Amino acid sequence: MKIFFSPASPFVRKCMIVAHELGVADRIEKLPSAAGPVKRDASILPNNPLGQVPTFLTDDGQVLFDSRVICEYLDTTHAGGLFPATGPARWERLTELSLADGMTGAALLARYETMLRPEALRWTDWTDGQLDKVRTGLEWLEAAAPSFGERVDIGTIAFGCALGYMDFRFPSVDWRAQAPNSAKWFAAFNQRPSMQATLPTV
């Protein structure tokens with residue numbers, strides 16, 4: 001198995017956390033990449049026309065993207081149980097995944113606006129609007145986090161990636177003051193070996 005990899009991508013990180021939780025991370029070759037929203041990585045394009053990470057190559061030559069597909073593939077093929085197979089629990093976990101990914105995506109867009117767009121063209125209302133999605137997502141998470149307990153599944157993994165990305169790229173945003181329940185949950189969850197093994201780097 002191979003994955004087009006970026007050490008700063010929260011979506012690549014989500015895939016690798018799943019792989020660590022399933023005990024298969026050491027079987028995945030990390031292919032270096034430099035995917036970006038403006039300068040695209042031509043080495044990814046033959047496998048993924050979007051030129052984005054994560055892009056995943058299975059042992060039998062199938063190409064998978066994006067991170068949700070890759071995570072469910074890994075879970076299904078390695079009997080993981082991180083995705084409930086059927087019933088209400090499945091839809092709850094997928095909804096959590098969607099919310100967490102939406103928060104992460106909004107934070108990424110805010111990051112692009114502040115770091116990649118020329119300063120004279122930056123739109124602060126856009127950045128504020130994206131970070132407000134993170135804020136309202138946190139309101140939902142704050143109510144739900146006390147019920148998470150020691151759950152380890154695609155929902156909690158995705159929230160861990162979202163909060164970890166905020167710490168990585170927006171350390172000045174004090175989300176913990178807004179969401180103490182979430183902060184308490186994250187402090188414990190972030191100590192998992194899978195989380196520590198995948199901490200983002202520049």
Side-chain angles (χ1 to χ4, degrees), residues 6-18 35-38 40 50-55 65-72 82-83 89-148 151-190 195 198-202:
S6 167
S9 167
F11 294 112
V12 170
R13 185 187 187 194
K14 184 174 63 179
C15 296
M16 293 309 301
I17 290 169
V18 166
V38 179
R40 304 171 72 204
L50 300 176
Q52 295 176 339
V53 294
T55 296
F65 47 86
D66 60 4
S67 64
R68 302 184 197 194
V69 177
I70 297 166
C71 288
E72 188 155 14
L82 299 175
F83 287 78
R90 175 171 175 79
W91 308 120
E92 291 170 2
R93 298 297 85 78
L94 291 179
T95 299
E96 291 172 353
L97 170 61
S98 182
L99 174 57
D101 279 358
M103 294 166 64
T104 303
L108 271 169
L109 290 176
R111 168 74 178 176
Y112 292 157
E113 185 71 18
T114 56
M115 295 302 297
L116 297 183
R117 190 180 297 276
E119 186 172 2
L121 301 177
R122 291 174 191 167
W123 186 13
T124 56
D125 286 349
W126 169 270
T127 303
D128 292 344
Q130 298 307 316
L131 291 178
D132 197 53
K133 294 179 184 179
V134 178
R135 181 189 64 78
T136 54
L138 271 170
E139 290 178 352
W140 187 97
L141 180 59
E142 183 66 1
S147 69
F148 285 177
R151 269 180 45 200
V152 181
D153 52 43
I154 195 58
T156 55
I157 289 170
F159 280 125
C161 289
L163 297 179
Y165 188 74
M166 288 299 295
D167 282 351
F168 178 53
R169 291 303 195 194
F170 295 94
S172 64
V173 175
D174 187 9
W175 63 265
R176 288 172 175 81
Q178 174 195 341
N181 291 333
S182 304
K184 181 179 179 181
W185 167 78
F186 180 67
F189 191 83
N190 198 41
M195 294 289 288
T198 59
L199 290 171
T201 59
V202 177

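The first residue in the sequence is number 1, and the count goes up from there. This is a predicted model, so every value here is computed, not measured.
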Can you see which heavy atom on A107 is nearest to which on M166, and at what distance? CB-SD, 3.9 Å
Tell me, do M195 and R13 make a side-chain contact under 4.5 Å, heavy atoms counted? yes
Expected output: side-chain T55 to main-chain G51 donor-acceptor under 3.5 Å: no
Please identify which of these residues, L97, V18, I17, meets the side-chain contact (heavy atoms from CB on, under 4.5 Å) condition with C71. V18
Nearest 0.5 Å, please: how far is CE in M16 from SG in C161? 11.5 Å
Report yes if the side chains of W185 and L163 come closer than 4.5 Å at any heavy-atom pair, otherwise no. yes
Check whether any side-chain heavy atom of D153 lies under 4.5 Å from a side-chain heavy atom of F148, and answer yes or no. no
For G137 against L99, the heavy-atom pair lying closest together: CA-CD1, 4.1 Å
Check whether any side-chain heavy atom of L138 sits under 4.5 Å from a side-chain heavy atom of M103, and report yes or no. yes
S147 to A144 - nearest heavy-atom pair and separation: OG-O, 2.7 Å
side-chain hydrogen bond (donor to acceptor under 3.5 Å, both in side chains): which pairs involve residues 96-115, sequence neighbours left out? K14-D101, R68-D101, R93-E96, E96-R151, E113-R117
Distance in Å, D125 CG paired with D132 CG, rounded so as to fall on 0.5 Å steps: 11.5 Å
Check the pair L199 / F168 against side chain to side chain contact (heavy atoms under 4.5 Å, CB included), numbers first and verdict last. CA-CA 9 Å; L199 290 171; F168 178 53; over 6 Å; no
Paired with P37, the side-chain contact (heavy atoms from CB on, under 4.5 Å) test is passed by just one of L108, L109, L116, namely L116
Min side-chain heavy-atom separation Q178-R135 under 4.5 Å: yes
Side chains of D167 and F186: closer than 4.5 Å at any heavy-atom pair? yes
Are any non-hydrogen side-chain atoms of D66 and F11 less than 4.5 angstrom apart? no
Which residues satisfy the salt bridge (Lys or Arg N to Asp or Glu O under 4.0 Å) test with E92, sequence neighbours excluded? none
Give me the ring orientation class for W140 and F159: parallel if the planes are under 30° apart, tilted from 30 to 60°, perpendicular past 60°. parallel
Minimal non-hydrogen separation, A8 against R169, with atom names: CB-NH2, 3.6 Å
Can you find a pair of side-chain heavy atoms, one from T127 and one from R122, that are under 4.5 Å apart? no
